[in-house]
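All chains are named by letter (A, B, ...) in the order of the sequence lines, taking the proteins before the strands, and each is independently numbered beginning at 1. In this text, all values refer to a predicted model and were calculated from it rather than measured experimentally.
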Amino acid sequence: MSILPSGLRRRRAPQPRTGAAAVRSTAPSLWPFVLPALAVYVVLYLGPALFGVYVSFMRWEGLGSPMTFAGLANYRRMLADSGMHTVLLNTLLLMVVGLVGIGIVTLIAMLVLQRMRGRRIVRVVVFVPYLISPIAIGVAFGFLLDPQGLLNVSLSSLGLDSLRQSWLGPDLVFKCVMAAVTWTLSGLAIVLLLAVIDSIPASLYESADLAGATAWQRLWYVTLPMSRGVLGVVVTLCLIQLMKVFDIVYTLTGASGTPPYSARTFAVEQYVTMSPFGGRPDFGYGSALGVAFVVLVTILVVLLRRLLRSEPVEY
Amino acid sequence: MVRARRAVGLTIAVAAATALTGCGAKVGDDAQDSAAKDQPVVVWSSWAQGTSQQKVYAKAFEDFTKDTGIKVEALFRGPEVWATLKTAVPAGQGPDVLPADASRIGDYDFLTDVTPVLDAKTPEGANVGDGISKNLKTVTSDPDGVPRMIADEILAYGIWFNAAKNPGIASSPPKTWDEFVAAAQKSKAAGTPAISLDGTQARQTSRWFSWALLRLAGAGAFRELGADKTGAAWDKPEVTKAAALVQGLVKDGLFQPGFEGSKSPAAQNAWAKNEMTFLLQGSWVPDETGAMQAPGFDARYFAFPTIEGGSGNELVQMGALGWSISNKAKNTEGAQQLLAYLQGEKVQQAIADEANNIPAQSTATPPERLADFRTAIDEAGQVTVTDDNAPAVGQWWDKVMTPLISDLMNAKVTPEQFASRGKAETATFWRNS
């Protein structure tokens with residue numbers, strides 16, 4: 001079923017000249033403008049990034065210590081490290097569960113808010129967790145989830161002692177991290193998608209209503225197709241944020257030591273390797289972790305972008 | 001003639017060396033090389049603004065400048081300074097005087113030999129080294145016996161309890177493991193969870209196992225688990241026995257319910273409110289929990305219980321905090337004078353009276369409730385640095401020991417599996433490192 005009026009069907013817009021051809025045609029006049037930005041990019045981003053790749057093939061304890069060639073040893077160690085398997089699994093789990101969780105929360109929000117009065121206020125409220133420092137969120141969740149914290153105390157006061165848990169213990173701590181991160185990022189997804197919904201012409205919803213569409217059908221046949229481009233951006237942003245989760249883990253598990261493996265993400269493992277609580281830093285292995293992380297993120301983002309690719313809709 | 005020249009040369013060399021090291025000189029002597037006054041002594045501290053120690057040192061630095069004319073530029077950076085030091089000092093951007101912790105000496109290869117400070121005089125004219133005990137000198141030196149830090153305060157460990165609420169324990173503290181378990185069982189039966197533990201803090205959690213192992217196998221046994229790259233150290237029967245003893249406490253429910261998810265310092269604070277009876281912690285606990293303590297709370301401690309047949313029953317675990325001098329210091333002489341000054345009676349007594357800690361100098365009187373610690377440390381036949389310095393063994397501590405301890409304390413492995421996994425994972429860790 002398609003409820004889009006025929007005049008609003010997707011059609012290809014004329015493609016402007018892009019890429020190498022465009023650059024070649026205006027190259028002489030472009031370079032003076034491009035060079036300063038390019039220089040800054042090379043010095044501040046590309047240079048350090050390439051240095052990181054170089055260090056990943058070295059043994060190095062940081063500035064002032066000798067750097068020796070290690071070949072692929074750091075990468076081999078990563079594959080053999082059983083702790084690293086837990087870290088990778090945690091990161092992928094956080095990504096999948098986080099995206100699904102954010103998706104469900106956002107979907108419900110879109111269903112409820114798409115035609116609700118006062119949704120601007122709601123939008124501000126749900127965005128607040130994203131504005132709060134992740135450190136503060138981690139600390140707050142830590143207080144909430146401590147064995148003597150608010151959650152267990154509330155359960156006891158309701159006579160639900162059997163539901164009291166050691167929330168920050170090794171069995172549950174990562175589930176709590178996932179819940180905290182999902183709660184934080186859902187606001188971002190909801191706000192971005194609601195902004196797109198606001199820009200969808202009301203006539204489309206009116207047409208849908210005339211066609212007898214239910215709320216779910218309006219969402220599926222009008223809202224989602226019209227916001228697919230932004231949806232792709234939101235999913236990509238959330239994916240990157242989920243893979244970079246660091247501060248919430250550190251604060252939730254207590255910064256006066258190192259977070260347990262059961263709660264570690266890729267970013268946490270990299271930090272602990274480069275700034276150990278005891279012992280000496282290992283920048284070679286830490287850089288190898290960083291390189292592997294970038295490769296993993298790139299693959300996932302490219303796959304997601306392909307999955308969510310859509311033609312522009314004109315109306 | 002040649003002999004005469006040699007004699008003159010030798011005399012000049014000795015005089016120069018004496019002046020440079022400040023050897024035998026009293027702090028503030030005019031004879032000191034004025035080079036020390038040409039530029040300030042830059043100090044980074046691990047004490048954060050507002051802490052008792054920060055106030056003591058801020059005042060001491062001011063007094064030092066008044067007494068000697070040497071300026072001090074102090075930055076109280078808090079605990080984050082430890083991570084910064086590792087990169088700042090080798091890059092030549094660090095301070096002259098660094099914060100020092102006996103358990104971190106092995107982490108840094110940029111600490112100078114502080115023998116000249118030990119040989120220098122305090123403002124009262126006493127020899128700095130004479131006031132520092134042999135055991136304290138041992139833990140503040142590197143494995144080759146070269147002193148790398150001048151301690152200001154000593155940290156010691158014990159099992160703490162509220163003497164006001166537990167007069168029976170105060171009058172007859174448990175001495176052996178069996179006596180301790182009986183006391184813990186009694187507390188639990190009376191309705192008070194026996195042992196307080198913030199289980200998310202790996203170091204505090206591991207301390208129960210490390211203490212038991214050190215009692216059984218003596219100094220160095222815990223560190224050896226990581227330092228022995230073959231993993232063979234895990235084959236010692238004491239490892240399995242220590243793991244079984246500690247896991248027994250877990251299985252008997254002697255730690256507070258939900259200890260595995262307790263975030264530091266929640267359990268410690270709950271202990272101060274009389275919600276648990278025992279707390280294995282350092283000598284700073286009375287000061288740290290002061291604001292949280294229940295009315296009438298009287299924090300006392302007893303030594304970690306001995307274990308029958310153990311070779312480490314005379315052992316004392318201790319820590320030391322103080323100062324080191326960077327090998328890239330721009331004002332080494334000023335730094336040496338400052339460290340000798342901090343060993344003076346005024347500063348040392350302030351560490352006891354205002355910061356409630358055990359001062360390093362034996363002439364200073366420690367807080368009354370901590371006095372036994374210093375006696376125990378001075379008289380101990382065996383001594384080791386906090387946690388046997390195992391956390392400093394490469395990244396083995398984090399990658400191997402921490403997850404294993406967590407599994408042991410959560411009864412996810414048997415003591416035998418703990419030992420066999422420890423052996424295999426240690427060997428694998430070093431093979432891949």
Can you tell which of A:M274, A:E269, A:E61 has the highest number of heavy-atom pairs within less than 4.5 Å of chain B?
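Max contact count across the listed options: A:E269.
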Between A:P170, A:A73, A:G149, the one whose heavy-atom pairs under 4.5 Å with chain B are most numerous
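The option with the most such pairs is A:P170.
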With the side chain counted from C-beta on, respond yes when [X] and [Y] share a heavy-atom pair under 4.5 Å apart, and no when they do not.
X	Y	result
A:R77	B:K399	yes
A:L252	B:K263	no
B:K412	A:D171	yes

Between the side chain of B:Q395 and the main-chain N/O of A:T273, is any donor-acceptor distance below 3.5 Å?
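Yes; judged by distance alone, with no hydrogens or angles, the pair exists.
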Mind checking which of residues 157-169 of chain A sit less than 4.5 Å from chain B, heavy atom to heavy atom?
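Contacts with chain B: A:S166, A:L168, A:G169.
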How many angstroms lie between CG in B:D407 and OH in A:Y261, if you round to the nearest 0.5 Å?
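Nearest 0.5 Å value for the CG-OH distance: 12.5 Å.
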Between CD of B:Q256 and CD of A:Q148, what distance do you get to the nearest 0.5 Å?
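So the gap between those two atoms works out to 7.5 Å.
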Heavy-atom contact with chain A under 4.5 Å, split by part of B:F110:
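No part of B:F110 comes within 4.5 Å of chain A.
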Proximal component of B:S406, with respect to chain A [non-hydrogen, under 4.5 Å]
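Contact with chain A involves the side chain of B:S406 alone.
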So for A:T86, is it side chain, backbone, both, or neither that comes closer than 4.5 Å to the heavy atoms of chain B?
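Neither part; nothing is under 4.5 Å.
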Sidechain N-carboxylate O distance under 4.0 Å for A:R264, B:D398
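Between B:D398 and A:R264 there is a salt bridge, with a charged N closer than 4.0 Å to a carboxylate O.
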Closest-packed option against chain A by number of heavy-atom pairs under 4.5 Å, given B:N410, B:T402, B:V89:
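Ranked by contacts with chain A, first place is B:N410.
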For the residue pair A:P147 and B:P257, what are the closest heavy atoms and their distance?
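Minimum heavy-atom contact is CB-O, 4.4 Å.
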Which atom of B:G261 lies closest to which atom of A:D146, heavy atoms considered
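Scanning both residues completely, I find the closest heavy atoms to be O-OD1, 4.3 Å.
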Kindly check if the number of other-residue, nucleotide or ligand heavy atoms within 6.0 Å of CZ (A:F51) is above 12?
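Counting neighbours around CZ of A:F51, more than 12 heavy atoms of other residues, nucleotides or ligands fall under 6.0 Å, so yes.
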